[in-house]
Amino acid sequence: MKILVTGGAGFMGSNFIKYIFNKYPDYQVVNLDKLTYAGNLENLKEIKENPNYKFVKGDIARNKDLNKALDKGVDVIINYAAETHVDRSILNPRAFVETDVLGIYELLEAVKQGKAQKMIQISTDEVFGEIDEGEFFENSPFEPNSPYSASKAGGDLLCRAYNVTYNTPVIITHSCNFYGPYQYPEKLIPLFITNLMENKKVPLYNQGKNIREWIYTEDHCRAIDQILHQGRIGEVYNIGSGERLKNIEIANLILEALGKTRDMIEHVKDRPGHDSRYAVNSDKLRKNLDWEPRVKFQEGIKKTVQWYKDNPEWWQKLKNNEYWQYYKKQYQTNDENSPKDSPI
Ligand code: NAD
Ligand code: DAU
């Protein structure tokens with residue numbers, strides 16, 4: 001099988017490419033990535049010489065770049081490429097519309113023209129908005145609350161429309177929050193782990209009351225594997241672990257794992273439009289495609305803390321580079337829209 005993975009130099013895309021070569025060594029993978037601040041080829045150093053792997057630097061929203069990656073055609077496109085961080089979308093929404101909406105349009109056009117036999121759109125539970133009780137189902141209405149989730153919703157709606165109107169073969173997934181090795185240190189879990197390792201405080205919004213559902217990298221890769229081989233065209237699948245935690249509970253687990261005390265938590269200004277709770281019902285994936293998560297949060301968070309302890313050179317470089325410094329400065333200079341006023 002020949003797969004085009006877009007955004008394969010990011011957190012989950014790189015985990016997925018390594019998962020594929022481990023389980024299916026004969027598969028071919030082309031990785032098309034723009035290498036934004038979140039793209040990092042070091043995530044793929046183990047496989048860069050693999051003859052079945054090819055890297056193309058490029059933008060999914062540019063037809064020319066896509067054609068280069070698709071010159072000989074592929075069986076499937078798995079789209080991980082996106083602008084992904086909610087706080088950045090509050091500061092700079094434009095890049096989100098360009099990649100998460102226009103990029104999807106270009107990918108769909110390529111599939112419609114027969115350059116790939118199908119496409120899997122990796123999307124998020126955030127498109128459904130927040131839910132204080134109960135769960136989101138695959139057919140729950142879209143009520144996105146951030147420029148990030150609105151852009152992802154736009155891309156997902158295009159996927160649906162192309163499938164209905166042109167019969168373009170697409171499958172959409174809505175996943176809960178990912179965590180694990182190689183996650184860029186702007187997101188809650190790696191930010192808190194690395195700040196504490198640097199002996200810096202951790203900035204918690206809204207007293208840590210908001211709730212997220214968490215899935216470990218490998219479990220998400222296994223879900224996409226099932227969908228790739230057994231998923232039905234035109235279907236939507238929620239991906240969830242059922243493990244829903246308040247952010248304060250996560251902060252406490254990380255403090256405990258690193259032997260730090262609670263005074264390292266800094267309560268900061270809340271994120272505007274901060275969704276209170278996400279929870280997805282993933283029965284369809286579990287029953288129809290015989291998938292279930294294997295890594296419990298208590299175990300996954302320990303493995304994740306250990307990975308960041310073992311790989312300081314990976315994240316220190318990211319927190320010292322120009323992209324990180326620019327992001328930090330935006331917080332400090334953009335008071336009105338800044339999700340938090342504490343230095344990251
Ligand atoms: P990430 O931010 O770590 O990586 C994104 C990758 O996409 C980077 O390598 C970046 O260089 C690349 N990219 C960005 N714009 C591009 C463009 N225009 N063309 C080509 N490449 C581009 O992302 P992640 O956290 O691994 O998320 C992967 C996907 O999963 C995203 O679509 C995201 O919306 C979705 N998702 C993420 C989570 C989560 O918790 N992180 C949960 C559910 C769904
Ligand atoms: O639900 C899936 C989504 O999960 C993905 O689609 C997004 O790409 C991904 O970024 C993630 O979005 P969240 O906003 O849930 O993730 P983040 O790590 O930014 O924040 C998790 C929670 O922690 C959220 O309630 C906000 C809070 N938080 C976050 C940061 C960065 C803090 O309290 N302090 C922080 O510094």
Side-chain angles (χ1 to χ4, degrees), residues 5-16 31-41 43-44 56-62 65-66 69 78-90 95-96 98-100 102-104 106-107 121-128 130 145-146 148-149 151-152 155-156 173-180 182-192 195 202-215 217 220 224 239-240 245-248 250-251 265-271 273-280 331 339-340 342 344:
V5 174
T6 56
F11 163 48
M12 194 52 93
S14 62
N15 272 289
F16 182 73
N31 172 13
L32 173 68
D33 198 296
K34 189 178 173 184
L35 298 184
T36 67
Y37 75 95
N40 185 352
L41 291 176
N43 299 359
L44 294 157
V56 178
K57 183 173 187 300
D59 185 341
I60 59 164
R62 278 179 45 132
D65 295 351
L66 254 181
I78 308 185
N79 178 45
Y80 286 89
E83 288 292 336
T84 62
H85 192 42
V86 175
D87 292 337
R88 286 183 193 256
S89 83
I90 296 167
F96 288 75
E98 285 169 355
T99 291
D100 302 0
L102 276 177
I104 305 311
E106 291 294 349
L107 289 170
Q121 161 71 346
I122 307 293
S123 194
T124 169
D125 57 5
E126 294 201 15
V127 295
F128 300 121
E130 59 184 8
N145 291 317
S146 72
Y148 163 67
S149 51
S151 308
K152 289 294 288 187
D156 296 355
T173 66
H174 295 298
S175 176
C176 65
N177 286 55
F178 311 151
Y179 72 104
Y182 296 98
Q183 188 168 31
Y184 191 83
E186 65 193 348
K187 305 285 196 310
L188 175 83
I189 290 180
L191 177 71
F192 279 25
N195 268 19
V202 295
L204 193 63
Y205 307 155
N206 193 28
Q207 311 289 318
K209 288 182 197 147
N210 302 59
I211 295 174
R212 297 288 181 266
E213 179 167 335
W214 294 92
I215 187 162
T217 39
H220 189 269
I224 301 305
I239 307 176
L245 287 96
K246 283 190 183 149
N247 294 332
I248 184 73
I250 296 182
I265 293 178
E266 188 175 5
H267 293 284
V268 297
K269 190 165 105 192
D270 201 4
R271 171 187 281 176
H274 190 178
D275 287 329
S276 55
R277 176 176 175 272
Y278 304 138
V280 287
Y331 270 122
K340 62 188 173 216
S342 156
I344 31 176

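Just so you know, ligand 1 is whichever comes first in the structure, and atom 1 is the first atom listed for that ligand. It should be emphasised that the depicted structure is a prediction, and the values quoted were computed from it without experimental measurement. When a residue number appears, it is its place in the shown sequence, counting from 1.
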Testing the basics here: between [X] and [Y], what is the closest heavy-atom pair and its distance to 0.1 Å?
{"X": "Phe192", "Y": "Pro203", "value": "CZ-O, 3.3 Å"}
{"X": "Leu35", "Y": "Ala9", "value": "CD2-CB, 3.7 Å"}
{"X": "Glu106", "Y": "Ala61", "value": "CG-O, 3.6 Å"}
{"X": "Ile60", "Y": "Ile104", "value": "CD1-N, 4.5 Å"}

If we ignore hydrogens and angles and just use 3.5 Å, is the side chain of [X] paired with the main-chain N or O of [Y] as donor and acceptor?
{"X": "Asp125", "Y": "Tyr278", "result": "no"}
{"X": "Ser14", "Y": "Phe11", "result": "yes"}
{"X": "Thr173", "Y": "Ser175", "result": "no"}

Is there at least one pair of N or O atoms, one from [X] and one from ligand 2, spaced under 3.5 Å apart?
{"X": "Ser175", "value": "no"}
{"X": "Asn177", "value": "yes"}
{"X": "Glu126", "value": "yes"}
{"X": "Asn210", "value": "no"}
{"X": "Thr124", "value": "yes"}

Would you mind telling me if ligand 2 is within reach of the side chain of [X], the backbone, both or neither, using heavy atoms under 4.0 Å?
{"X": "Leu204", "result": "both"}
{"X": "Thr84", "result": "both"}
{"X": "Leu191", "result": "side chain"}
{"X": "Leu188", "result": "both"}

Notebook entry, point to check: Quick one: does His274 get within less than 4.0 Å of ligand 2, heavy atoms only?
Noted result: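 The answer is yes, since His274 has a heavy atom less than 4.0 Å from ligand 2.
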Notebook entry, point to check: Does Glu186 come within less than 4.0 angstrom of ligand 2, counting non-hydrogen atoms of the residue?
Noted result: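 True for this residue.
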Find all atoms of ligand 2 within a distance of less than 4.0 Å from any non-hydrogen atom belonging to [X], and give their numbers and elements.
{"X": "Asp125", "result": "1 (O), 2 (C)"}
{"X": "Pro203", "result": "32 (C), 33 (O), 34 (N), 35 (C), 36 (O)"}
{"X": "His85", "result": "19 (O)"}

Notebook entry, point to check: Partners of Ser146 by side-chain hydrogen bond (donor to acceptor under 3.5 Å, both in side chains), sequence neighbours excluded?
Noted result: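 With neighbours one apart ignored, the set is Ser149.
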Checklist line | Listed partners of Glu83 passing side-chain hydrogen bond (donor to acceptor under 3.5 Å, both in side chains), at least two apart | finding: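 Glu83 satisfies side-chain hydrogen bond (donor to acceptor under 3.5 Å, both in side chains) with no other residue.
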Check: Does NZ or CZ of Arg88 lie under 6.0 Å from the centre of the six-membered ring of Tyr37, at an angle within 45° of the ring axis?
Finding: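 Arg88 over Tyr37 ring: yes.
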Note to self: So if I only count non-hydrogen atoms and take anything under 4.0 Å from ligand 1, which residues does that give, chain by chain?
What the structure shows: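 Within 4.0 Å of ligand 1, the protein residues are Gly7, Ala9, Gly10, Phe11, Met12, Asp33, Lys34, Leu35, Thr36, Ala38, Gly39, Gly58, Asp59, Ile60, Tyr80, Ala81, Ala82, Thr84, Thr99, Ile122, Ser123, Thr124, Tyr148, Lys152, Ser175, Cys176, Asn177, Phe178.
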Checklist line | Partner set under ring pair (Phe, Tyr, Trp, His ring centres under 6.0 Å) for Phe128, not counting sequence neighbours | finding: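 By the ring pair (Phe, Tyr, Trp, His ring centres under 6.0 Å) rule, Phe128 matches Phe136, Phe142, His174.
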Next item on the list: Return the option from Gln207, Lys187, Glu213, Arg271 holding the heavy atom at the smallest distance from atom 20 (O) of ligand 2.
Entry: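 Among Gln207, Lys187, Glu213, Arg271, the closest heavy atom to atom 20 (O) of ligand 2 comes from Arg271.
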Checklist line | Identity of the nearest option to atom 5 (C) of ligand 2, non-hydrogen atoms only, from Tyr205, Tyr148, Phe128 | finding: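 When every heavy atom of Tyr205, Tyr148, Phe128 is considered, Tyr148 comes closest to atom 5 (C) of ligand 2.
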Note to self: Between Tyr80 and Asp33, is there a side-chain heavy-atom distance shorter than 4.5 Å?
What the structure shows: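 No, their side chains stay 4.5 Å or more apart.
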Next item on the list: Identify whether the distance between the nearest side-chain nitrogen and carboxylate oxygen of Lys152 and Asp100 falls below 4.0 Å.
Entry: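 No.
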Next item on the list: Evaluate the ring planes of His220 and Phe178, with Trp represented by its six-membered ring, and classify them as parallel (under 30°), tilted (30 to 60°) or perpendicular (over 60°).
Entry: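 Geometry flag for Phe178 against His220: tilted rings.
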